[in-house]
Amino acid sequence: MGSLDWIKGEIESMKSAGRFVPIKVLEGPQGAWVRISGKDFLNMCSNNYLGLANHPEVKKAAIEAIEEYGVGAGAVRSIAGTNEIDIKLEEKVAKFKHMEASLVYQGGLLANSGTIPAIVGKDDLVFSEELNHASIIDGVRLSSARRIVYKHMNMADLEKNLRENASSSSRKLIITDGVFSMDGDIAPVPELVDLAIKYGAISYVDDAHGEGVLGDHGRGIADYFKVSDKIDIEMGTFSKAIGSMGGFVAGPEYLVEYLKRKSRPFLFSSGLNPGDTAAVLKSIEILERDDSLLKKLWSNSDYLKKNLSDVGFDLGHSKTPITPVMVGDERKTIDLSEKLYASHRIFASPIVYPTVPVGTARIRLMPSALHSRKDLDYAVEAFTSAGRELGIIK
Ligand SMILES: *Cc1c(COP(=O)(O)O)cnc(C)c1O
């Protein structure tokens with residue numbers, strides 16, 4: 001018996017519960033269609049909302065930056081020096097988000113797990129929304145602060161918890177996803193920010209699925225709600241609509257200066273590669289000058305949602321392009337995904353426990369600006385036929 005043998009048993013039990021989903025290998029770039037095992041599949045599960053992951057101008061910017069600056073950052077920024085394009089990107093992000101300053105991280109997960117422990121510690125309180133992303137949960141755990149979970153979208157519950165702790169002299173942080181990635185609903189940020197002000201708490205919104213999707217030219221959730229001047233910290237990622245890699249937090253200049261001295265992913269992990277930094281800069285430039293991709297994303301998602309709900313699918317209560325096709329049963333969800341894949345060449349991954357609660361399994365469709373109407377019609381026809389065969393719709 002090897003000491004890792006228990007893992008085999010864990011895998012067997014995941015398999016029998018329908019929670020061991022194979023990972024597909026792609027043989028080309030992200031796009032409306034992707035190549036798998038030499039065949040093309042309609043891609044309905046990427047966060048590449050605007051198609052910037054394989055945009056010719058963005059690729060060109062990355063290639064040019066590699067020619068000029070090479071492929072690696074060399075070491076952590078505080079030791080090997082910060083590349084001038086890192087500074088350019090931080091200024092660009094701050095301006096784009098209508099915030100004073102920003103700090104770029106190597107990813108969204110690191111932005112959360114690095115920033116949260118820098119601003120709260122073991123004597124502090126974190127009011128955390130029930131469905132927050134794993135990277136927020138990790139950040140809170142790393143901080144050792146006391147976590148008080150409030151109910152999903154429920155500002156009355158948040159206020160009740162704030163009131164109960166009003167006399168505490170601890171530092172308080174209210175933290176939430178802006179757009180909830182598995183359901184596509186949007187946090188009531190204006191009410192949340194007002195509660196933060198009323199109770200003297202820090203407001204912190206993770207805008208990973210709002211970047212490039214919500215607000216004027218995709219500036220994100222704070223712009224969408226017009227609260228950029230009231231929110232304390234806006235966090236985001238460059239790996240979704242922005243099409244590349246990296247993450248950031250935006251807020252006051254002194255926060256950024258403080259994080260540069262306190263945040264562990266900044267101090268103990270090398271900076272983004274120049275190619276990624278340049279790609280992100282170019283993607284934001286494209287968003288600033290042109291919102292046609294954004295408009296196409298929304299019209300595609302309205303079209304897909306209308307046609308799927310017309311044939312009887314339950315799409316939950318999404319307010320964004322995220323389109324969850326609710327199935328419930330995990331085995332059935334995996335069967336639907338496999339049928340779509342094998343019989344219709346549609347790549348649409350099942351989302352099961354522990355990513356979503358047991359009994360709420362779904363296929364989350366991600367329409368993008370790259371899909372044509374013909375692609376979306378093709379998806380709806382395939383879902384209709386497979387959904388009827390499996391008894392998910394009539
Ligand atoms: C995807 C996501 C992240 C992580 O971003 P990466 O850049 O992929 O590490 C963080 N928060 C939320 C809400 C996300 O959806």
Side-chain angles (χ1 to χ4, degrees), residues 23 30 45-50 52-53 86 89-90 93 97 102-117 126 128-143 149 152-153 173-189 192 203-215 218 220-222 224 231 233-250 263-266 269-273 275-277 279-281 283-284 318-324 349 351 354-356 362 364-366 368:
I23 299 170
Q30 284 290 337
C45 45
S46 157
N47 294 327
N48 179 23
Y49 287 103
L50 302 172
L52 293 170
D86 294 332
L89 177 58
E90 284 167 343
V93 169
K97 307 292 289 185
S102 87
L103 180 67
V104 166
Y105 282 91
Q106 306 88 333
L109 183 144
L110 289 167
N112 279 331
S113 61
T115 303
I116 298 165
V126 179
S128 180
E129 143 79 67
E130 178 177 30
L131 295 190
N132 272 346
H133 190 261
S135 57
I136 295 181
I137 296 169
D138 288 359
V140 176
R141 280 190 188 142
L142 285 169
S143 77
V149 175
H152 182 51
M153 308 282 280
L173 168 67
I174 305 174
I175 190 160
T176 186
D177 278 21
V179 173
F180 293 91
S181 57
M182 293 302 147
D183 296 281
D185 45 351
I186 303 177
V189 173
L192 182 145
S203 54
Y204 183 132
V205 179
D206 174 339
D207 196 27
H209 281 276
E211 233 77 68
V213 174
L214 293 178
I221 196 159
Y224 171 81
I231 210 162
I233 301 177
E234 213 186 333
M235 168 273 163
T237 173
F238 303 136
S239 69
K240 292 179 172 130
I242 306 297
S244 180
M245 186 85 206
F248 71 89
V249 291
S263 179
R264 293 170 76 84
F266 185 86
S269 183
S270 295
L272 265 193
N273 293 322
D276 294 322
T277 308
V280 174
L281 259 170
S283 289
I284 298 175
S318 174
K319 298 277 188 296
T320 65
I322 293 169
T323 306
S349 293
I351 311 253
T355 311
V356 292
R362 66 201 67 181
R364 181 186 59 163
L365 297 181
M366 300 299 265
S368 81

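For ligands, and for the atoms within them, numbers begin at 1 and follow the listed sequence.
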task: Give a yes or no on whether the ring-centroid distance for H152 and F180 is below 6.0 angstrom.
output: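 For H152 and F180, the ring centres are under 6.0 Å apart.
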Y105-F266 aromatic ring centre distance below 6.0 Å: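 No, ring centres 6.0 Å or more apart.
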message: So is G246 touching ligand 1 or not, going by heavy atoms under 4.0 Å?
response: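 G246 counts as a contact of ligand 1 under the 4.0 Å cut-off.
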- prompt: Can a non-hydrogen atom of S135 be found less than 4.0 Å from any atom of ligand 1?
  reply: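 S135 counts as a contact of ligand 1 under the 4.0 Å cut-off.
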query: Which residue holds the protein heavy atom closest to atom 5 (O) of ligand 1, what is that atom called, and what is the gap in Å?
result: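 Atom 5 (O) of ligand 1 sits closest to the protein heavy atom G108 CA, 3.4 Å.
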message: Counting non-hydrogen protein atoms only, what is the nearest one to atom 8 (O) of ligand 1? Give residue, atom name and distance.
response: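 Of every protein heavy atom, S239 OG, 3.0 Å lies nearest to atom 8 (O) of ligand 1.
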field: Distance-minimising heavy-atom pair for D177 and H133
entry: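 Scanning both residues, the minimum pair turns out to be OD1-N, 3.1 Å.
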query: Which atom pair, heavy atoms only, marks the closest approach of I322 to H209?
result: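 Of all heavy-atom pairs spanning I322 and H209, the closest is CD1-ND1, 3.8 Å.
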- prompt: Say you draw a straight line from OG of S128 to CG of L173; how long is it, rounded to the nearest 0.5 Å?
  reply: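 It comes to 8.5 Å.
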query: Which distance, rounded to the nearest 0.5 Å, do you find between the OH of Y224 and the CG of L214?
result: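 Going from OH on Y224 over to CG on L214, the span is 6.0 Å.
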At less than 4.0 angstrom from any non-hydrogen atom of [X], what atoms of ligand 1 do you find?
X: D206; value: 10 (C), 11 (N), 12 (C), 13 (C)
X: H209; value: 15 (O)
X: A208; value: 2 (C), 11 (N), 12 (C), 13 (C), 14 (C), 15 (O)
X: T237; value: 5 (O), 6 (P), 7 (O)
X: D177; value: 13 (C)

message: Checking contacts here: is it the side chain or the backbone of L109 that comes within 4.0 Å of ligand 1, counting heavy atoms only? Could be both or neither.
response: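 For L109, backbone and side-chain atoms both sit under 4.0 Å from ligand 1.
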message: Just to be sure I read this right, does ligand 1 sit under 4.0 Å from the backbone of K240, its side chain, both, or neither, counting only heavy atoms?
response: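 Only the side chain of K240 comes within reach of ligand 1.
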message: Under a plain distance cut-off of 3.5 Å, with no hydrogens placed, do D206 and N112 share a side-chain donor-acceptor pair?
response: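 Side chains of N112 and D206: pair found under 3.5 Å.
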message: So that I can tick it off, tell me whether R364 and D183 are bridged by a salt bridge, with the cut-off set at under 4.0 angstrom between side-chain N and carboxylate O.
response: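 No.
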